[in-house]
Amino acid sequence: MARDVQVTFDCADPARLAAFWAEALGYQLQDPPAGFESWEQALEAMGVPIERRNDASAVVDPEGAGPRLFFQRVPEGKQAKNRVHLDVRAAPGLNGEARMAALEAEAERLGSHGAARLRRHEPAPPLGAGHIVMADPEGNEFCLD
């Protein structure tokens, strides 16, 4: 039996990272619980102190196909290179220069939302199609592939 998967990010600013990944993936912030117009209203009703209201956030695929991404505040910063990362498929069906141009355009777009470009890997046929390594606003590596 297949299992649902949630990807969890430890981070310093869950709201900021959730907004970035929603933009990067075409996701949306998870809706507040039923009966509440906003998360602020829900957290107030739950008695969550103001200083704890950015302890967690989540984004979801509006079509329900992709995994939920959960962001939780932790006290420590990122320590080393990720051992697991996301590949964002930004150039499906494209090859060569057209592929790399699409990846460059996406790298520029995400850069305007706080991502950092780390390095570009040129196409190396027959197996290497080329990709760009990026970092999200808190330094988590991901690839534009």
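Fair warning: this is a prediction, and the values are worked out from it, not measured in the lab.
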So [Y] and [X], do their side chains get closer than 4.5 Å, heavy atoms only?
X	Y	result
Cys143	Met134	no
Val59	Gln28	no
His121	Ile132	no
Gln6	Pro67	no

Using the rule that two of Ile, Leu, Val, Met, Phe, Trp, Tyr join whenever any of their side-chain heavy atoms come within less than 4.5 Å, decide whether [X] and [Y] are in one cluster.
X	Y	result
Val60	Leu69	no
Val74	Val48	no
Leu43	Leu17	no
Leu25	Leu110	yes
Tyr27	Val7	yes

What pair of heavy atoms forms the shortest contact from [X] to [Y], and how long is it?
X	Y	result
Cys11	Phe71	SG-CB, 3.9 Å
Ala56	Phe70	CB-CZ, 3.7 Å
Ala91	Ala102	CB-CB, 4.0 Å
Ala45	Phe36	CB-CE2, 3.5 Å
Lys78	Gly139	CE-O, 3.1 Å
Asn54	Ala15	OD1-N, 2.8 Å

Donor-acceptor under 3.5 Å ([X] side chain, [Y] main chain):
X	Y	result
Asp136	Ala115	no
Lys81	Arg83	no
Asp13	Arg16	yes
Glu141	Asn82	yes
Glu138	Ala12	yes

Query raised in the report: Between Asp10 and Gln72, does any side-chain donor sit less than 3.5 Å from a side-chain acceptor?
Result: yes
Residue [X] excluded, over 12 heavy atoms near [atom1] under 6.0 Å:
X	atom1	answer
Gln41	CD	yes
Glu51	CD	yes
Glu76	CD	yes

**Report entry** Geometric class of the Phe9/Trp21 ring pair [parallel <30°, tilted 30-60°, perpendicular >60°]
**Finding:** tilted
Query raised in the report: Among all residues two or more places apart in sequence or in another chain, which pass the side chain to side chain contact (heavy atoms under 4.5 Å, CB included) test with Ala105?
Result: none
To the nearest 0.5 Å, tell me how far [X] [atom1] sits from [Y] [atom2].
X	Y	atom1	atom2	answer
Met100	Glu97	CE	CD	7.5 Å
Phe142	Asp87	CZ	CG	10.5 Å
Arg89	Leu94	CZ	CG	13.0 Å
Phe20	Asn140	CZ	CG	9.5 Å
Arg73	Asp55	CZ	CG	5.0 Å

Query - Sequence neighbours excluded, every pair satisfying salt bridge (Lys or Arg N to Asp or Glu O under 4.0 Å) that has a member inside residues 112-132 - result: Glu104-Arg117, Glu104-Arg120, Arg120-Glu122
**Report entry** Asp145 and Arg99 ion-paired at < 4.0 Å
**Finding:** yes
Query raised in the report: For Glu40 and Arg53, what are the C-alpha separation, side-chain angles and deciding distance, and is it a salt bridge (Lys or Arg N to Asp or Glu O under 4.0 Å)?
Result: CA-CA 8 Å; Glu40 192 62 32; Arg53 293 187 186 170; 2.5 Å; yes
